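Notes to accompany the following structure.
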Amino acid sequence: MITVNANSLSLRWLHHPFLKGVGIAGAVILAAVPAVAKDTIRVLAPASGSGTAFQALGEAYGKANPDVQVVVQQFPSGDAYAQALLTQLQAGAGADLIFTNGGWGAPESMLPLAKSQRLGDLSKASFAKDFNEKIVPEFWADGKLYGLPLALLNVGLIYNAKELSALGAAPPKTFDDLIALCGQAQQKGKSALTISGASPFYFLETVAVSAVYNKDPSWNEKRTDGKVNFAESAGWKDAFERVKKMIDAKCFVPGIAATTSPQAFAQLASGQALMAVGPTTFMGAVMAMNPTLDLRMRPFPAKSADETVAIGFYNDALSLNAQSKNAAAGIAFLEWLSKPEQQTTYAKIAGGTTPSNAAANKYEGALAEMAPFFAADRDREIPHHTWQQPQLRAALIASGNALFAGQKTGEQVLKDLDLAGR
C-alpha cells in the first residue's frame, strides 16, 4: 500500500503525472486514510525522477508485502528538499528512510550527516558486501556504511534528439559547436540550453571538469593541502571564461538566473529549450512530464573532442534515519531495493545506470554515447563530492547565481570560493 502526503507537495507537484486524475481534495483524502498496515515505512525524497521511482517501487513493495505501508513524502528538488530534510532531522520527526547523496559537499550529503550522528549504520545489511569501501568509498566512514547506492549517476549534456534533428543540427562535440548551436536555436525562436540558474552548481562544476580535473584529477587534494586555489587556477579561470561566452552567446533560456530545477524540467519537456546540463535524474523528471521525448545524454563538450570527459559517480542513495523507530522494516525495504530487479526499475524511472551495468560498462539507450568514455577511462567525479567544507558548494551556488544575474564576474566568483574555503 502507498500513500502520498499531499501536505508536503506544492500545487505544482499535485499535477505531477503520478497524481494525474487525482484532485487536491482526492490527494488529501488519500493521505488521510487510516493506515491498516502492520508496519509503515516513511520515505523522504526529492520530487524528481528519484521521487517518481520511489513511488513506483513503494507501491510494488506494498503489493508484495500487504502488511507494509510505504509513505513517500516529496519536496521539490534542490534547496527546498535539502531544507525539508534538515528541518525534519533537527525536529526529530524525520522519515525512516531519507534520500541522500554520497560523499560530502551538499546539505543532503551522507558523510556530514553521518558525522553528526543523523544516519544509521547499514554495514550489517545483506547488501553491504556488494558495496564495500573500494566500490563506494564515499558511502563509508569509520568502517560503517551509511547508504544504499541506487544507481551510478551520470552528469552531462542532455539533448532532445527530435528537436535537434528538426533544427538540422547534431549534438555538439566541441565547445565551438555548442556556441554555434546557440545561434541556430535563436534563429528558430528557441533557446539552446536550460539549467537551474538559481542553483547552478551542477552546471558550473560540469564545465570545470574538462577545464580543471581532466588535466589535474588531484586538484581538490592540492587545494586542501594549500598548494592551489580557485582565483589563481588557470583551469578554473578558463571554465568561467567559457561560461561567460555562453552567456554572451545567449545560449540560455531568458531569465536563467531565476530558473529553478522544476522550471528547467518543464522548459526541456515543452521544447522551449533544446538541451540541458544536469544529472540523469534530471532526465527522469523530464520524461515523467513528457514521455514522448527522445532524450539522450553525452558528455558536456570541452574545447576539443579529445579533452571531453564523462562524469559518473555513485550519488543517489537511501539512508536510514538514526532516529527511526521502525529501523528493522526500513532495512528490510532497503535490502529489497538492493536486488537487481528493483535497481533496474529505479534506473529506468529515475535515470542512471545500475551498479551491475556500470561494472560491465553497459551504458545503453539514452546513455549509449557515454559508454566509450567510460571504456577508455575518460571519466571523472563531480568536484563537490570531496569538498568537506559545505560552504564551498553554498558559495558556488550563491555567487554562481549572481554571475547569471549579471551581478558578479567569474573572477569574483572564484575569489568568493577561496574566501568560503578558508
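Computed from a prediction, not measured in an experiment: that's the story for all the values here. Counting begins at 1 with the first residue of the sequence.
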Mind checking whether [X] and [Y] have side chains closer than 4.5 Å, heavy atoms only?
X: Arg223; Y: Phe230; result: yes
X: Tyr202; Y: Ser196; result: no
X: Thr386; Y: Glu138; result: yes
X: Phe75; Y: Leu85; result: no

Per side-chain contact (heavy atoms from CB on, under 4.5 Å), Glu369 is matched among Met297, Lys173, Arg296 by Arg296
Taking side-chain contact (heavy atoms from CB on, under 4.5 Å) as the criterion, tell me which of Ile331, Val72, Leu337, Leu334 meets it with Leu97. Leu334
Between Phe252 and Phe404, does the ring centroid distance fall short of 6.0 Å? yes
Taking the six-membered ring for Trp, are Tyr363 and Phe374 closer than 6.0 Å centroid to centroid? yes
Are Ser338 and Leu148 close enough, and set up right, to give a side-chain contact (heavy atoms from CB on, under 4.5 Å), and what steps lead you there? CA-CA 7 Å; Ser338 73; Leu148 167 68; 3.7 Å; yes
For [X] and [Y], work out which heavy atoms get closest and say how close.
X: Thr308; Y: Pro299; value: CG2-CB, 3.5 Å
X: Ser191; Y: Val253; value: OG-CA, 3.4 Å
X: Gln184; Y: Gly168; value: NE2-O, 4.4 Å
X: Ala395; Y: Asp416; value: CB-O, 4.3 Å
X: Lys325; Y: Asp96; value: N-OD1, 4.1 Å
X: Met370; Y: Ile311; value: CE-O, 4.3 Å

With a 3.5 Å distance limit and no angle check, can you tell me whether [X] reaches the backbone of [Y] through a side-chain donor-acceptor pair?
X: Ser109; Y: Pro112; answer: no
X: Gln389; Y: Gly421; answer: yes
X: Ser165; Y: Lys162; answer: no
X: Arg118; Y: Leu89; answer: yes
X: Gln412; Y: Thr409; answer: yes
X: Asn101; Y: Met110; answer: no
X: Asn160; Y: Leu274; answer: no
X: Arg393; Y: His384; answer: no
X: Lys190; Y: Gly271; answer: yes
X: Asn315; Y: Leu153; answer: no

Output, in order, the C-alpha distance, side-chain angles, deciding distance and verdict of side-chain contact (heavy atoms from CB on, under 4.5 Å) for Ser233 and Trp219. CA-CA 10 Å; Ser233 165; Trp219 194 90; 3.7 Å; yes
Should Ser319 and Thr100 be marked as a side chain to side chain donor-acceptor pair (under 3.5 Å) after you check the CA-CA gap, both sets of side-chain angles, and the distance that decides it? CA-CA 6 Å; Ser319 296; Thr100 58; 2.8 Å; yes
Over 60° means perpendicular and under 30° means parallel, so tell me whether Trp336 and Phe333 are parallel, tilted or perpendicular. parallel
Would you please test Trp140 and Ser123 for side-chain contact (heavy atoms from CB on, under 4.5 Å) and show each step? CA-CA 9 Å; Trp140 289 79; Ser123 58; 4.0 Å; yes
If you apply the rule salt bridge (charged side-chain N to carboxylate O under 4.0 Å, His left out), what do you find for Lys244 with Asp248, and how did you get there? CA-CA 6 Å; Lys244 179 65 163 55; Asp248 291 344; 2.8 Å; yes
Full working for side-chain contact (heavy atoms from CB on, under 4.5 Å) between Leu417 and Leu396: CA-CA 7 Å; Leu417 289 172; Leu396 185 62; 3.9 Å; yes
Take a 6.0 Å sphere around CG of Asn290 and say whether it holds more than 12 heavy atoms from other residues, nucleotides or ligands. yes
Kindly check if the number of other-residue, nucleotide or ligand heavy atoms within 6.0 Å of CG (Asp225) is above 12? yes
Give a yes-or-no answer on whether the side chains of Ser218 and Asp216 include a donor-acceptor pair shorter than 3.5 Å. yes
Under a 4.0 Å N-O cut-off, is there an ion pair linking Arg242 with Asp238? yes
